[in-house]
Protein chains: 2
Amino acid sequence: MNKQARKPDSGGGGESRLPAHELIYRQLRDQILFGDLAPGQAVTIQGLTDRLGAGMTPVREAIRRLIAEGALEFQGNRRVSVPLLSADNISEIIVARQWLDPHLALRATERISLEELDELTEMDATLDRAIEQGDLRAYLELNYRFHKRLYEIADAPILADLADGLWLRFGPSLRVVCGRMGTQNLPDKHKDMLAAMHARDAERAARAIREDVIQGMEQVRRSFELPVASF
Amino acid sequence: MNKQARKPDSGGGGESRLPAHELIYRQLRDQILFGDLAPGQAVTIQGLTDRLGAGMTPVREAIRRLIAEGALEFQGNRRVSVPLLSADNISEIIVARQWLDPHLALRATERISLEELDELTEMDATLDRAIEQGDLRAYLELNYRFHKRLYEIADAPILADLADGLWLRFGPSLRVVCGRMGTQNLPDKHKDMLAAMHARDAERAARAIREDVIQGMEQVRRSFELPVASF
DNA sequence: GCGCCCAGAATATGATCAAATTATTTCTTG
DNA sequence: CAAGAAATAATTTGATCATATTCTGGGCGC
């Protein structure tokens, strides 16, 4: 009956007080970005309520949100699935990121503190270790977090939202492509960029990020132009 | 048990085959873009269920969707409101549209058919009539639909989504600014752009749209740098 | 001023109806 | 008689609602 024995507990573990639909959303989002959901895969509401052990309403809200962000696709007849991108779609994302990411890197260079620079350097080192060990999942997650942190530092919430939304769109495809290629020749112009940021050379940092984006995304696009060898 | 709530069939519109959450979403979206919801205004779920005469679940889903698109803001404590943009936010939107809109106009020029060109010309004429008559609501809606049609013709769904989402963010502010200024010196470089498209001069069309965007958005930004005189 | 309590709003559940896909059956035809 | 197609039955899934529960914020007493 009464639950007042539980106080908000503002210190530390406040994250457990998040509403269920928020938790479901984050869980699903991570699964789309790094993990288990492949492009084209169907997603059912009732399937998720079972798989995640949640009620129907929170799952529905999380799905609506992901559809609005382009992470899921509403296939006409009440059917929802992970979008299957075309080569043209990838090209659109490339052209958008080619503009957005350098712009954000430029702003970040003008604003970044030394502590934040150390933080990014540390993240990049962890990223390198994941690549060496061939840990694909860790690479995908760390690489994403590196770029996302950069967006935050740029202090442009709306532009950061746009860039973030693009990751959600090409995440599943990126995973498929990287899964086929292994973690060997993954792009990493991060060190160039960090050096440019240290020197407060915003133009050079923007150029480095642009190359990083192009290298990574072009690999994705190339693999989409090949004949689709799935069965 | 009680099943008297048989298919309300609200309004008798032919499209009553769409789910309720979709209808609520469109209704709310239009109200945010053109109409009745002012920046900073609070939005409550129960208030909407009453005002729109709908159930709670569809309203919740529509709100989640609009939050994900940036049209509404989740204010921490279970409070939802129409975002109040800062001058910096407006600057972000300007810089994004300054890139997105010309890019889409360029693509549209390469792809547009003569029928579609006539359609846009017709839309622009209607727009002019709304301006002459000082009909603000009609101006906002027709101007939006003109640009949106252009996005569709560009045949780049992901980029179009990005551009469309920006309208949802600055819509309420645009309405406030235009409401203060009347419909007299509104920007309309549409005729330049249509002429350029007729000549298949994509660069010139892109430049015209860029000027249209800058003129309109700068008016918004200027009015945000003034001391906020509301109350 | 501080803490407790209450009203109201948001979150979450489960039930129920409707629609759609799948599986099955039956009928027709070669 | 067999095979395929159309129709129908059954199961699965989505949409919506009514209701219970939890949380936030403000009012009231101390």
Side-chain angles (χ1 to χ4, degrees), chain A residues 1-28 37 40-68 71-83, chain B residues 1-11 13-28 37 40-68 71-82:
Chain A
M1 201 49 149
N2 57 15
K3 223 34 187 6
Q4 75 260 40
R6 204 114 57 90
K7 288 300 286 179
D9 189 14
S10 52
E15 300 299 323
S16 62
R17 293 251 127 235
L18 288 173
H21 63 81
E22 182 74 29
L23 294 175
I24 307 276
Y25 165 76
R26 296 189 186 185
Q27 213 170 333
L28 255 182
L37 296 181
Q41 181 164 346
V43 170
T44 70
I45 293 177
Q46 303 203 352
L48 289 182
T49 59
D50 294 348
R51 190 151 67 78
L52 303 181
M56 185 173 300
T57 312
V59 169
R60 285 179 71 81
E61 292 184 40
I63 287 181
R64 290 294 162 229
R65 208 168 145 186
L66 289 163
I67 290 175
L72 292 177
E73 198 177 20
F74 186 67
Q75 302 257 48
N77 303 338
R78 357 199 315 185
R79 204 136 257 197
V80 175
S81 65
V82 182
Chain B
M1 301 3 165
N2 52 2
K3 212 49 205 146
Q4 73 280 28
R6 239 49 206 100
K7 198 61 173 166
D9 194 15
S10 51
E15 301 300 325
S16 68
R17 289 279 119 192
L18 288 174
H21 62 81
E22 182 73 29
L23 294 174
I24 306 276
Y25 165 77
R26 295 188 186 184
Q27 214 169 332
L28 255 182
L37 296 181
Q41 182 164 346
V43 170
T44 71
I45 293 178
Q46 300 209 342
L48 289 181
T49 59
D50 295 348
R51 191 152 67 79
L52 304 181
M56 186 173 297
T57 311
V59 169
R60 285 179 70 81
E61 291 184 41
I63 287 181
R64 290 296 162 225
R65 207 168 147 186
L66 289 163
I67 290 175
L72 292 177
E73 198 176 19
F74 186 66
Q75 303 257 45
N77 308 338
R78 303 170 149 202
R79 290 262 154 98
V80 175
S81 65
V82 182

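Since this is a predicted model, take the numbers as computed values, not measurements. So you know, we letter chains A, B, ... as the sequences are listed, proteins then strands, and number each from 1.
Among the nucleotides C:dA10, D:dG14, D:dT16, the one closest to the side chain of A:I45 is D:dG14. The side chain of A:R78 has C:dA19 as its nearest neighbour among D:dC23, C:dA19, C:dA12. Closest contact between the side chain of B:E61 and the listed nucleotides D:dT16, D:dG25, D:dT13 involves D:dT16.
No side-chain heavy atom of B:V80 sits less than 4.5 Å from a side-chain heavy atom of B:I45. In this structure, B:L23 and B:L52 have side chains that are not in contact, with every pair of non-hydrogen atoms separated by 4.5 Å or more. The shortest distance between side-chain heavy atoms of B:T57 and B:R60 does not fall below 4.5 Å.
Checked options B:L66, B:L72, B:V59; the residue passing with B:V43 is B:L72 (criterion: side chain to side chain contact (heavy atoms under 4.5 Å, CB included)).
In this structure, A:R60 reaches the bases: a heavy-atom distance under 4.0 Å links it to at least one base atom across the strands shown. Among the heavy atoms of the strands lying under 4.0 Å from B:T44 are primed sugar atoms or P, OP1, OP2 only; no base atom is included.
Remark on DNA chain C: of its neighbouring residues A:A54 and A:R79, the 5'-side contact belongs to A:A54, judged by nearest-heavy-atom nucleotide.
Rounded to an integer number of Å, the gap from CD1 of B:I63 to C1' of C:dA10 is 10 Å. Rounded to an integer number of Å, the gap from A:Q75 CD to D:dT13 P is 16 Å. Taking atom CG of B:L48 as the reference point, atom P of C:dG8 lies 19 Å away to the nearest angstrom. Put simply, NE2 on B:H21 is 7 Å from C1' on D:dA15, counting in whole angstrom units. Here C:dT11 presents its P atom at 14 Å from CD1 of A:I24, a figure rounded to the nearest Å. Counting to the nearest Å, the P atom of D:dA20 and the CE atom of B:M56 are 13 Å from each other. Between B:D50 atom CG and C:dA9 atom C1' the separation is 12 Å, expressed in whole Å.
Between A:R64 and the phosphate of D:dA15, there is a side-chain N or O to OP1/OP2 separation shorter than 4.0 Å.
Evaluation of atom-type donor-acceptor distances gives no pair under 3.5 Å for the side chain of B:Q46 against the base of C:dG8.
Look at A:R65 and A:E22 and you find a salt bridge, because one of the NZ, NE, NH1 or NH2 atoms lies within 4.0 Å of a carboxylate O, short of that distance.
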